[in-house]
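We're numbering straight along the sequence, starting at 1. Atoms considered below: every heavy atom in the structure, side chains included; atoms not considered: hydrogens, waters and symmetry mates.
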Amino acid sequence: MMSEPKRLHPAAIIFNFIKGLREFIFVLIFGFITFSGESFIYFILITLALVLILVTHSIMSWYRYTYRVEEDELRIEYGILIRKQRHISKNRIQSIDLTSGVIHRIFKLAKVQIETAGSGNGSEASLKAVKLTEAERLRDELKNEDRQEPGANLDPEAETLNHPFYKIAFQRLFIAGSTSGSIGVMAVLLLGASEFERFIPDRFFDNAMSWVIGLGIALIIGFVLVLLLFLWLLGVAGTMIKYGNFTIHKYADELFITRGLLEKKQITIPLNRIQAVGMEESMIRQPLGFVTVFAEVAGGSLDQGEDFSTVLFPIMKRDEVEGFLQEILPDYAEQPKDFNPLPKRALPYYLVRIMVPIILLGTAVMFLLPQFGWALILLLIGAFGLGFLRYRAGGYYLKGNRLMVRYRVLSKTTMLMYHKRIQAFEKTQHKIQKAQKLATLKLSIIGKLGAGKHYTIKELNEADLDQLSDWYSYRK
């Protein structure tokens, strides 16, 4: 038992200083602008004084911060002048996550984030710098487990049998980066930037064009290809840095995820906090048959710096999902062959909804900038295609106490949730929908930060939606 008070690693002084410096960065910028010129010496003196204050405060904050485990509680004491105490019972702890940034990994440290049911916008407790072995021991003690870490002196076959786990292969990680979509986004930006030539003064434009033409067509094409290759490599590198060494382990009542090359994260997900499981298929990955599997987890905090959904596996084949979930989350494993689709009379709604704003905007643009007419045609074709894809993606599947809904914004998303996890069920219907016996479904579950997560499927058959309403309310 860690009954003796302990201090954080001295590297916490660095983190305290960086945090304080970040809070004063705008003050320093304002001072640099204000005292430029003959009064610059005053700016230097004020900056040195501020740095000295920050260093002193960082050291004192580290020295006065202690923690210990005693009587089934984590007890933290902190405060330089006014001492504060925080007691966190083991029974209230929902998850304990370990994160190792670049500085942490240099000193073999970890940041320990402890969350409870009422953490809100921040973690209940955050130990900024603890030795990695100490962090793992603290996690096991607070969770009252003697769990051995994955891969530590275990036979691989025995580990797979006792604790199912998946690890991302390099080839899949490379595919995930290659299909991340960064090239497409940049291509759109470059296309938009090319239209700003009309706003550039003629003299600068002529000089630039003369220089470019002097380079030669072959050199220009080569430059464009190198730029696209660079953007593609950025997408690959970013994905590999974020999801490198991604592994997921399933224990009795939780999932344990490790990922990251530069910043190593260890995330714990209690199974009882999972509200829904989803699959996302982007425009690029869907034709290749790849999906991202994620979960909506109740609670969480902004301190984690995570997306609002927790990735269970970055990329896998669509036909591998059921086997993966059978090992990791068997209650969510069954995948239906067919969904109840949207009726044909819903298609005009999806086309009009997305094309009308573009037509109105395009009319104004054509009046002011008629040379952009070709862009309007491309936008209309793209909007028509996206509206049709949204219509084709919409649908639902109901079996027992499980409901699966499917929709598309840009990526096609499929969500599976249980009756007991649905917090609100809403049916809406305007006059035109009512005349055609259509209605809109809106479901709500608890998401991260305790906020609601909403899913909407528009223009369902009214009879189908009434059936779902009866299922949700237990009406006979």
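- Within the 4.5 Å cutoff, the side chain of Phe294 has heavy atoms near those of the Glu280 side chain.
- Thr239 approaches Ala176 most closely through the heavy-atom pair CG2-CB, 3.9 Å.
- Considering Leu312, Ile248, Leu329 in turn, Leu312 is the only one that fulfils the side-chain contact (heavy atoms from CB on, under 4.5 Å) rule with Val293.
- Contact of the Glu115 side chain with the Ser126 side chain is not registered, since no non-hydrogen atoms from C-beta on lie closer than 4.5 Å.
- A salt bridge does not link Lys90 to Glu71: none of the charged nitrogens lies less than 4.0 Å from a carboxylate oxygen.
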Exercise. Apply the test side chain to side chain donor-acceptor pair (under 3.5 Å) to residues Tyr472 and Gln467: give CA-CA distance (whole Å), side-chain angles for both, the deciding distance (0.1 Å), then the verdict.
Key: CA-CA 9 Å; Tyr472 180 72; Gln467 181 185 4; over 6 Å; no
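- Using a 4.5 Å cut-off on side-chain heavy atoms (C-beta onward), Leu347 and Leu351 make contact.
- Ring centroids of Phe324 and Phe313 are separated by less than 6.0 Å, placing the two rings close together.
- With Lys317 contributing its side chain and Leu288 its backbone, the two residues share a donor-acceptor pair below 3.5 Å.
- Considering OG1 of Thr268 and CD1 of Ile114, their distance stands at 11.0 Å, rounded to 0.5 Å.
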Exercise. Please report the C-alpha distance between Arg259 and Thr247 in whole Å, then the side-chain angles of each, then the deciding distance to 0.1 Å, and finally whether the side chain to side chain donor-acceptor pair (under 3.5 Å) criterion is met.
Key: CA-CA 7 Å; Arg259 68 167 176 83; Thr247 60; over 6 Å; no
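- The CG atom of Leu8 sits 10.0 Å away from the CG atom of Leu109 when rounded to the nearest 0.5 Å.
- Ring-centre distance between His419 and Phe425: not below the 6.0 Å cut-off.
- In the model, Asn245 has no side-chain atom that pairs as donor or acceptor with a side-chain atom of Lys167 under 3.5 Å.
- Checking Tyr332 against Glu322 by side-chain atom types alone, no donor-acceptor pair falls below 3.5 Å.
- A salt bridge does not link Glu296 to Arg421: none of the charged nitrogens lies less than 4.0 Å from a carboxylate oxygen.
- A salt bridge links Arg353 to Glu459: one of the charged nitrogens lies within less than 4.0 Å of a carboxylate oxygen.
- Between Trp471 and Arg402, the closest heavy-atom pair is CZ2-N, 4.2 Å.
- The shortest heavy-atom contact between Leu98 and Ala110 is CB-CB, 4.5 Å.
- Note that CZ of Phe256 and CZ of Phe165 are 13.0 Å apart. Values are rounded to the nearest 0.5 Å.
- A salt bridge between Arg68 and Glu73 is absent, with no side-chain N of the basic residue lying under 4.0 Å from a carboxylate O of the acidic one.
- Atom CD1 of Ile14 is separated from atom CD1 of Ile106 by 8.5 Å, given to the nearest 0.5 angstrom.
- Between His249 and Tyr251, the two ring planes are parallel [angle under 30°; tilted spans 30° to 60°].
- Nearest heavy-atom pair across Val130 and Ala135 is CG1-N, 3.8 Å.
- The shortest distance between side-chain heavy atoms of Glu263 and Lys242 does not fall below 4.5 Å.
- In summary, the aromatic rings of Trp232 and Phe174 are positioned with their centroids under 6.0 Å apart.
- Counted within 6.0 Å of NZ on Lys128, heavy atoms from surrounding residues, nucleotides or ligands total more than 12; the atom is thus considered enclosed.
- To the nearest 0.5 Å, the span separating CG on Leu255 from CD1 on Ile267 amounts to 11.0 Å.
- Salt bridge status for Glu462 with Lys434: absent, with no side-chain N to carboxylate O gap under 4.0 Å.
- The distance from atom CG of Leu438 to atom OH of Tyr349, rounded to the nearest 0.5 Å, is 5.5 Å.
- Taking every heavy atom of both residues into account, Leu138 and Val69 meet most closely at CD1-CG2, 3.6 Å.
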Show me, pair by pair, the donor-acceptor contacts under 3.5 angstrom made by side chains of residues 405-417, not counting sequence neighbours?
| unit_1 | atom_1 | unit_2 | atom_2 | d |
| --- | --- | --- | --- | --- |
| Arg406 | NE | Ala393 | O | 2.8 |
| Arg408 | NH1 | Leu410 | O | 2.8 |
| Arg408 | NH2 | Gln286 | OE1 | 2.6 |

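- Heavy atoms from other residues, nucleotides or ligands lying under 6.0 Å from CZ of Arg75 number more than 12.
- Between Thr179 and Ser282, the shortest heavy-atom contact is O-OG, 4.5 Å.
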Practice problem: For side chain to side chain contact (heavy atoms under 4.5 Å, CB included), just list the numbers for Lys427 and Ser469, CA-CA rounded to whole Å, side-chain angles, deciding distance to a tenth of an Å, and then say yes or no. | Solution: CA-CA 8 Å; Lys427 170 187 173 182; Ser469 180; 5.7 Å; no
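- Using a 4.0 Å cut-off between a side-chain N of Lys or Arg and a carboxylate O of Asp or Glu, Lys111 and Asp97 do not qualify as a salt bridge.
- Taking the six-membered ring wherever Trp is involved, the centroid distance between the rings of Phe246 and Tyr166 does not fall below 6.0 Å.
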Exercise. For the pair Ile274 and Ile269, evaluate side chain to side chain contact (heavy atoms under 4.5 Å, CB included) and give the outcome as yes or no after the intermediate values.
Key: CA-CA 8 Å; Ile274 294 178; Ile269 305 175; 3.9 Å; yes
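- The only member of Gln433, Gln429, His430, Glu426 that meets side-chain hydrogen bond (donor to acceptor under 3.5 Å, both in side chains) when paired with Thr440 is Gln433.
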Exercise. Mind running side chain to side chain contact (heavy atoms under 4.5 Å, CB included) on Arg390 and Phe388 for me, showing each step along the way?
Key: CA-CA 5 Å; Arg390 286 180 176 178; Phe388 182 75; over 6 Å; no
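- No more than 12 heavy atoms of other residues, nucleotides or ligands sit less than 6.0 Å from atom CD1 of Ile432.
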Exercise. Assess whether side chain to side chain contact (heavy atoms under 4.5 Å, CB included) is satisfied between Ile88 and Ile93, documenting all intermediate values.
Key: CA-CA 8 Å; Ile88 304 173; Ile93 295 176; 3.9 Å; yes
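- In this structure a side-chain-to-backbone donor-acceptor pair under 3.5 Å is present from Tyr418 to Asp331.
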